[in-house]
Amino acid sequence: MKTTERLKIAIQKKGRLNEGSLKLLKECGIGFSNGGGRLKASASGFPLDLLFLRDDDIPQYVQDGVADIGILGENEVLEKAKDVDIIERLGFSKCRLSLALPKEIEYTGPAWFAGKKIATSYPKITKDFLTENGVDAEIEYIGGSVEIAPGIGLAEGICDIVSSGSTLFSNGLKEVEVILKSEAVMVVGRDLNSEKQALLDQLRFRLSAVQAAKSNKYIMLNAPNDKVEKISQLLPGIKAPTVTPLAEAGWSSMQSVVNEGAFWEIIDELKLAGAEGILVVPIEKMIA
Ligand code: PRT
Ligand code: ZN
């Protein structure tokens, strides 16, 4: 289909999501040049315009149609609760949103927070969690450096993003409840026209090829001919493995695709079955 439309994607201007978002687009064959920290850029390799925004603003802009799609943390999508749908989980910027307390406190479960004050930049998600657990606590919104709140007497506990846990640790806090496991996601507004929808489908096709490639590896190995059948059963692949004769009589080369997780489970079995010279290499794109 010929189209004059261009899809508009909002990504974080600077911060933890910026690099991962641009890398993912690049892996989808989409490049751009952004001289001088502009707000907007036109991509090459796909009819796409990029808008560089604060992540907090992305749900609103996508809801209003200023951008058609956006990449941001799931935590921010749920907190802002705008009219947008999550259509892809992108697997980077993984973190969790957790409740934390001074480490010396004995935590007894969500009821501990009843009548207490919790400092957070995520008042909605925190409130929803408390409501679900039937706990009535006071929420104190603060925009940043939430981890210092208990130390300065602003609140008894906090609800904040945790990644390695070192920020909590160095502030004498411990994580007591994980409210949300978050990662970067792609969101879409509710009314794309059909041309933009078709572009989005193409972009998602590229994304799925990139994501599939990341979770699979290409495996090559040598095997005695009489072991080929047994080894074939161990290698799931997209279809059956490719088997070609080696220059050495009685031996074959076998090639297949394996899920990265499954690879470590079958490696011992492959060796036991007689596989030698096993090579595992990354796949750049995978279309099943
Ligand atoms: O300027 P803008 O508003 O766009 O950026 P921002 O400052 O709001 O966001 P930014 O760039 O800090 O984070 C963007 C998104 O990255 C978040 O919404 C999360 O989805 C995700 N993310 C992943 C994180 C972290 N990891 C993270 N570690 N966001 C924040 N942190 C902070 C956290 O707030 C805490 O202070 O890092 C500290 C904890 O890290 P650890 O490793 O010490 O546990
Ligand atoms: Zn932000």
Side-chain angles (χ1 to χ4, degrees), residues 8-25 34 36-41 50-64 66-67 69-82 84-103 107 118-129 139-152 154-188 211 214:
K8 280 179 285 182
I9 185 169
I11 66 166
Q12 193 190 29
K13 186 173 168 63
K14 55 177 197 290
R16 288 183 167 87
L17 294 160
N18 174 270
E19 199 185 310
S21 307
L22 292 177
K23 181 164 166 275
L24 190 63
L25 292 177
N34 182 27
R38 280 177 297 159
L39 191 70
K40 211 177 150 186
L50 295 98
L51 300 177
F52 301 97
L53 301 168
R54 284 201 59 193
D55 63 351
D56 308 56
D57 298 333
I58 293 177
Q60 178 82 49
Y61 280 122
V62 172
Q63 172 183 283
D64 296 349
V66 176
I69 54 176
I71 295 179
L72 73 165
E74 188 182 6
N75 49 301
E76 211 59 62
V77 180
L78 298 184
E79 181 61 30
K80 295 294 185 292
K82 300 291 178 189
V84 300
D85 292 320
I86 293 177
I87 49 167
E88 299 280 352
R89 307 187 68 79
L90 302 173
F92 63 93
S93 288
K94 288 192 174 169
C95 58
R96 44 200 196 271
L97 186 66
S98 296
L99 286 164
L101 291 177
K103 64 178 188 306
Y107 180 65
I118 305 169
T120 185
S121 307
Y122 295 90
K124 177 182 171 3
I125 300 177
T126 309
K127 178 117 202 37
D128 289 349
F129 174 84
I139 292 171
E140 179 80 27
Y141 173 82
I142 45 177
S145 303
V146 175
E147 64 279 358
I148 65 168
I152 59 171
L154 184 67
E156 277 99 346
I158 65 165
C159 181
D160 199 13
I161 300 284
V162 183
S163 172
S164 67
S166 66
T167 301
L168 292 184
F169 183 80
S170 56
N171 285 277
L173 302 171
K174 63 177 177 187
E175 192 174 5
V176 295
E177 295 281 352
V178 176
I179 296 186
L180 171 74
K181 285 194 174 149
S182 178
E183 65 188 273
V185 295
M186 180 177 280
V187 292
V188 65
Q211 307 282 55
K214 280 184 186 162

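Just follow the structure's listing: the first ligand is 1, and inside any ligand the first atom is 1.
- The shortest contact between atom 33 (C) of ligand 1 and any protein heavy atom is with Ile161 O, 3.3 Å.
- Contact atoms of ligand 1 toward Gly15: 11 (O) (distance under 4.0 Å to a heavy atom of the residue).
- Close contacts between ligand 1 and Asp56 involve ligand atoms 3 (O), 8 (O) [criterion: under 4.0 Å to a heavy atom].
- Glu76 has its side chain out of reach of Ile58: every pair of non-hydrogen atoms, C-beta onward, lies at least 4.5 Å apart.
- Among all heavy-atom pairs drawn from Ala119 and Ala155, the shortest one is N-CB, 3.6 Å.
- Of the possible polar contacts, none joining the Ser182 side chain to the Cys95 backbone as a donor-acceptor pair under 3.5 Å is found.
- By the definition of a contact as any protein heavy atom under 4.0 Å away, atom 7 (O) of ligand 1 is not in contact.
- For Ile142 against Ala149, the heavy-atom pair with the smallest separation is CD1-CB, 4.2 Å.
- Annotation for ligand 1: atoms under 4.0 Å from non-hydrogen atoms of Gly73 are 20 (O).
- In Leu168, neither the side chain nor the backbone holds a heavy atom less than 4.0 Å from any atom of ligand 1.
- Angle OD1 (Asp55) to the Zn ion (ligand 2) to OD1 (Asp56): 80°, rounded to 10°.
- For Thr167, heavy-atom contacts with ligand 1 shorter than 4.0 Å involve the backbone as well as the side chain.
- Within the 4.0 Å heavy-atom criterion, both parts of Ser164, backbone and side chain, lie near ligand 1.
- Across all non-hydrogen atoms, the minimal contact from Pro123 to Tyr141 is CD-CD1, 3.7 Å.
- Among all non-hydrogen protein atoms, the one lying nearest atom 28 (N) of ligand 1 is Ser163 CB, 3.4 Å.
- Annotation for Phe129: atom CZ counts as buried by contact number, over 12 foreign heavy atoms lying within 6.0 Å.
- The contact set between ligand 1 and Val162, taken as ligand atoms under 4.0 Å from a residue heavy atom, comprises 44 (O).
- For ligand 1, the atoms sitting less than 4.0 Å from at least one non-hydrogen atom of Gly165 are 41 (P), 42 (O), 44 (O), numbered in the order shown with element in parentheses.
- Remark: side-chain polar atoms of Ser98 are not paired, donor with acceptor, to backbone N or O of Glu175 under 3.5 angstrom.
- The protein atom (non-hydrogen) at minimum distance from atom 20 (O) of ligand 1 is Asn75 OD1, 2.6 Å.
- For the pair Glu183 (side chain) and Gly91 (backbone), a donor-acceptor distance under 3.5 Å is present.
- Interface of Cys95 with ligand 1, defined as ligand atoms under 4.0 Å from a residue heavy atom, comprises 19 (C), 20 (O), 21 (C), 22 (N), 23 (C), 26 (N).
- Of all the listed residues (Arg96, Arg16, Gln12, Arg54), Arg16 holds the heavy atom that lies closest to atom 32 (C) of ligand 1.
- Scanning both residues, Glu147 and Ile158, for their nearest heavy atoms gives CA-CD1, 3.8 Å.
- Arg96 places a side-chain N or O within donor-acceptor distance of the main-chain N or O of Ser163, the cut-off being under 3.5 Å.
- Backbone and side-chain nitrogen or oxygen atoms of Asp55 are examined, and one is located within less than 3.5 angstrom of a nitrogen or oxygen of ligand 1.
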